[in-house]
Structures are given as structure tokens and as C-alpha cells.
Amino acid sequence: MKFIVSSTYLLKQLQVLGGVINSSNTLPILDNFLFELQQRKLIVSASDLETTMSAELEVESDNEGTIAVPARLLLDTLKTFPEQPLTFVVEDNHTVEISSNYGKYALAYADGAEFPKAVELGSPSSTTIMGDILATAITKTIFAAGNDDLRPVMSGVFFQFSSEHLTFVATDAHKLVKYRRNDVKASEVAEFIMPKKPLNLLKGILSGSEEQVKVEYNDSNAKFSFSNIELICRLIDGKYPNYEAVIPKENPNKLTIARNHFLSSVRRVSIFSNRTTHQIRLRIAGAELNISAEDIDYSNKAEERLTCAYQGDDMQIGFNSRFLVEMLGNLSSEEVALELSLPNRAGILTPVDGLDEGEEVTMLVMPVMLNN
């Protein structure tokens with residue numbers, strides 16, 4: 001088995017796939033890249049059993065064969081080369097020899113047959129979505145997903161496809177984000193929960209991408225195919241909570257404010273808040289928003305005043321500042337609207353401007369009890 005490939009081209013593809021490999025694996029074979037050579041086509045795969053990603057590379061060769069190559073060793077070696085052709089030759093003594101302009105390097109390889117096979121999706125449903133739209137949907141929601149192992153369904157992002165729109169939802173029971181695209185549709189109704197790791201990988205690869213991504217899915221797995229890459233992952237099993245039920249419908253009090261000023265103010269004031277609760281207090285009256293925080297244990301306190309547009313009754317409400325900072329930081333609009341009903345009901349944060357055609361973002365943050 002022998003092939004020739006450009007060093008930078010190979011490195012670029014392997015760095016993308018390397019994100020799949022865990023730092024510590026129970027199966028030693030998973031520390032490797034699987035190389036499957038089919039003459040001028042080299043398919044490289046990486047897996048952690050839950051997620052498998054493969055890339056198809058063009059190489060010079062007329063051989064066929066399958067080997068598993070140590071990922072860390074290969075990546076560390078490739079990073080040191082300037083652009084040049086590399087020749088890979090599989091020797092009889094169970095090593096693969098790489099020849100560069102500088103010299104030769106031998107790596108012990110493992111039997112490719114030991115590498116776990118990727119799942120085949122039997123008769124899946126499918127839809128197509130532009131790469132950048134998918135990356136944006138992931139970015140806008142993934143930060144709100146939970147980390148609780150006891151509630152695995154909340155540790156992923158809920159994909160909801162219909163013939164009218166695509167909806168992506170994430171929540172950890174304290175905050176919730178619903179991102180909807182009315183300009184992208186699926187041929188049939190489908191719902192599934194995607195784990196975070198493959199989503200983070202997709203987000204990194206697809207950001208700014210103009211190409212179409214084919215999404216195929218059944219009850220247990222999902223597959224994303226685009227350009228030369230395929231990613232297959234196991235879905236999170238379980239029923240997603242009814243998120244529509246927790247979004248309050250009647251919110252008579254509406255505050256509109258410049259996002260950057262609000263975010264900076266919350267960041268500053270929260271430095272003086274209690275270190276366990278991160279509680280800040282919002283007092284809204286007329287056209288003035290008063291943001292304050294206090295840490296009684298250390299006698300630290302801070303208060304700021306901002307002007308805003310407000311329709312509704314004067315009110316006071318408490319929030320965990322970390323959730324507000326995360327949400328405001330995740331939006332890119334100039335102005336945001338905060339809709340409230342009562343001090344013990346969730347607040348709804350939405351961008352006022354800066355959205356694409358057909359794009360909707362709804363963020364929900366649960367209040368905290370104020371100790372007056």
C-alpha cells in the first residue's frame with residue numbers, strides 16, 4: 001500500500017477529524033485515524049464510538065488497503081512540515097514509512113479491521129440546509145444546553161423540522177433559547193436531540209460556509225454530509241420537555257434598551273454580586289432602568305442607571321447575572337427587548353434588529369427570588 005499526498009492538505013483534513021478523538025479512550029484503537037485507500041481516493045476516519053467523522057481525500061496511488069495510524073503522532077509530525085509532497089508506504093514490519101524532503105519517519109500502525117465500523121442509517125429521512133445557517137443555529141443555542149448527566153435530554157440541542165420551518169431549542173431549566181428559520185423547510189415532520197460534541201465540531205467546520213449540508217436521520221442516529229466530509233452520531237435518547245409550555249404568552253411589561261450598554265452594565269455590577277447566587281436586581285420605572293447588586297458578606301455593592309424605553313408597570317425583578325451576560329453576549333443586535341409579566345415569571349429576551357430574513361430568536365431567562 002503506497003500513496004502520495006500534500007502535507008498541508010493532509011494536515012488540514014486531519015485537524016478537522018482530530019476533534020472527534022477523546023483524550024483518553026477505553027479502546028486503544030480509537031487513538032488512531034483509519035486510512036482506507038481506494039486507488040486515487042483516501043478515506044480517513046476518526047471515532048469515539050458515539051460520533052464518527054470521515055473525510056475523502058484525493059491522493060496519488062493505484063493501490064488499495066486499510067490501516068489505523070496513531071493520530072497524535074501523525075498530527076504532531078505533520079504540523080512541523082512546510083508544504084511538500086509526502087509519500088506513505090506500508091512496510092512488512094507493521095510500520096508505515098513517511099518520506100519527506102527532509103528524511104524518513106516510521107510509525108507503527110494497527111490493523112484497520114479492528115476499527116469500529118460507522119453505523120449505516122437504514123431508510124433515513126433527510127433535509128438540506130445551508131452550512132452557515134446550521135452553524136448559526138448551533139452557535140445561538142448550544143450555550144444554553146445543560147450539563148446535567150441525570151437529565152441527558154437537556155444536555156443536547158433539540159432539532160424540530162416541519163414543512164413550515166426548522167426550529168432549534170436548548171435549555172438547562174434556568175435559561176432557554178429557541179432559534180427558528182422560516183426560510184428553511186423540511187419535507188416531513190421530525191424531532192431529535194443532538195449531543196453537544198458533534199454540534200461543536202459542525203459549528204467549527206461550517207461557520208461561514210455557503211455549501212449545502214444534507215442531514216439524514218432516523219430514531220437513533222443522524223448523519224451530516226457536505227463537500228468531502230461525513231459525520232455520523234448517535235442521538236440522545238428520550239423525550240424533550242414541552243418547551244412551549246414554559247414560554248409565558250402574556251407579557252405586558254416591555255423594556256427596550258441598547259444591548260451593549262445593558263451588557264456592559266450587567267457585567268460591571270455583577271462583579272459586586274454574591275459569589276454563589278450572582279444575583280442582580282433590575283428596577284424599572286418610567287424611562288429608567290436601575291441595575292444593582294450586593295454581597296452582604298463582604299459589604300460590596302454596586303448600582304447603575306440606564307435610560308431605556310419602557311411600557312408597563314414599575315417593577316423589580318432579580319436574575320442570575322451569568323445567564324443574562326451569556327444571552328446578551330450571544331446576540332448581535334444593536335437593541336434588545338426584555339418582556340416581563342411578574343417578578344416570579346420568566347423574562348423573554350429578543351433582538352430588536354440585526355436578524356436575517358426568516359430568522360427568529362427567543363431567549364428565556366428564569367428569575368431568582370429577591371431577598372428584600
Side-chain angles (χ1 to χ4, degrees), residues 1-118 197-198 200-209 224-233:
M1 178 175 161
K2 173 185 174 180
F3 62 91
I4 300 167
V5 65
S6 142
S7 59
T8 45
Y9 170 60
L10 180 61
L11 175 64
K12 193 176 163 200
Q13 303 292 334
L14 293 187
Q15 280 175 322
V16 168
L17 299 175
V20 177
I21 299 172
N22 289 332
S23 49
S24 58
N25 285 307
T26 43
L27 293 176
I29 192 74
L30 298 176
D31 294 331
N32 296 274
F33 288 121
L34 178 68
F35 278 28
E36 294 173 277
L37 183 63
Q38 298 164 7
Q39 292 174 349
R40 301 186 67 82
K41 186 167 83 174
L42 175 69
I43 297 168
V44 185
S45 306
S47 175
D48 66 356
L49 293 182
E50 298 284 320
T51 304
T52 303
M53 187 147 86
S54 55
E56 196 177 291
L57 284 66
E58 288 175 19
V59 295
E60 284 179 45
S61 173
D62 50 12
N63 299 157
E64 297 196 345
T66 306
I67 56 169
V69 186
R72 178 59 36 224
L73 192 57
L74 184 56
L75 280 170
D76 288 347
T77 311
L78 290 174
K79 281 175 195 164
T80 65
F81 288 132
E83 165 54 42
Q84 59 185 291
L86 298 177
T87 307
F88 285 70
V89 181
V90 174
E91 303 287 357
D92 297 337
N93 60 354
H94 239 75
T95 61
V96 54
E97 188 179 84
I98 306 171
S99 308
S100 75
N101 296 345
Y102 301 104
K104 293 184 173 176
Y105 322 87
L107 290 73
Y109 69 85
D111 182 5
E114 288 178 32
F115 203 84
K117 292 269 175 285
K197 182 176 173 179
N200 276 318
L201 292 167
L202 288 168
K203 181 177 85 168
I205 306 165
L206 292 170
S207 187
S209 160
F224 297 78
S225 321
F226 49 95
S227 64
N228 64 328
I229 289 180
E230 260 186 16
L231 181 144
I232 299 175
C233 69

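Treat the numbers as computed from the prediction; the structure is a model and nothing was measured.
Looking at heavy atoms from C-beta onward, L30 lies in side-chain contact with P116 at the 4.5 angstrom threshold. The side-chain heavy atoms of L107 and V69, taken from C-beta on, include a pair separated by under 4.5 Å. Looking only at side-chain heavy atoms (C-beta outward), L201 and V20 come within less than 4.5 Å of each other.
Panel note: side chain D48, backbone T51; a donor-acceptor pair is recorded below 3.5 Å. Of the possible donor and acceptor atoms, none in the side chain of N22 sits under 3.5 Å from a partner among the backbone N and O of S24. Between the side chain of T80 and the main chain of T77, a donor-acceptor pair closer than 3.5 Å is present.
Closest of all the heavy-atom pairs between Y109 and V96 is CD2-N, 3.7 Å. In plain terms, the two heavy atoms of G19 and K197 that are nearest each other are O-CE, 3.6 Å. L17 approaches S45 most closely through the heavy-atom pair CD1-N, 4.5 Å.
Listed by first and then second residue, the side-chain hydrogen bond (donor to acceptor under 3.5 Å, both in side chains) pairs involving residues 11-20 are Q13-N228 (not counting sequence neighbours). The ring pair (Phe, Tyr, Trp, His ring centres under 6.0 Å) pairs that include a residue from residues 2-45 are F3-F88, where partners are two or more places apart or lie in different chains. Listed by first and then second residue, the ring pair (Phe, Tyr, Trp, His ring centres under 6.0 Å) pairs that reach into residues 36-82 are F81-Y105, sequence neighbours excluded.
Checking each of L74, V89, T87 against I98 for a side chain to side chain contact (heavy atoms under 4.5 Å, CB included) leaves exactly one that passes, namely L74.
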Listed pairs under 3.5 Å, donor-acceptor, residues 55-68 side chains, sequence neighbours left out:
| from | atom 1 | to | atom 2 | distance (Å) |
| --- | --- | --- | --- | --- |
| S61 | OG | K2 | O | 2.7 |
| S61 | OG | N63 | N | 3.0 |
| N63 | OD1 | K2 | N | 2.7 |

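The CG atom of L206 sits 8.0 Å away from atom CD1 of I229, with the distance rounded to the nearest 0.5 Å. Atom-to-atom distance recorded for L78:CG and T8:OG1 is 9.5 Å, nearest 0.5 angstrom. The distance from atom CZ of R72 to atom OG of S23, rounded to the nearest 0.5 Å, is 10.0 Å. Taken from CD1 in I29 to CG in L49, the straight-line distance is 11.0 Å, to the nearest 0.5 Å. With values rounded to the nearest 0.5 angstrom, S225 atom OG is found 4.5 Å from E230 atom CD. Atoms CD1 and CG, on I43 and L34 in that order, are 9.0 Å from each other to the nearest 0.5 Å.
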Under the criterion side chain to side chain contact (heavy atoms under 4.5 Å, CB included), I'd like the reasoning laid out for E50 against C233: C-alpha separation, chi angles, the key distance, then a yes or no. CA-CA 6 Å; E50 298 284 320; C233 69; over 6 Å; no
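Under the side-chain contact (heavy atoms from CB on, under 4.5 Å) criterion, T52 pairs with S47, A118, sequence neighbours left out. In this structure, P28 has no side-chain contact (heavy atoms from CB on, under 4.5 Å) partners at least two apart in sequence or on a different chain.
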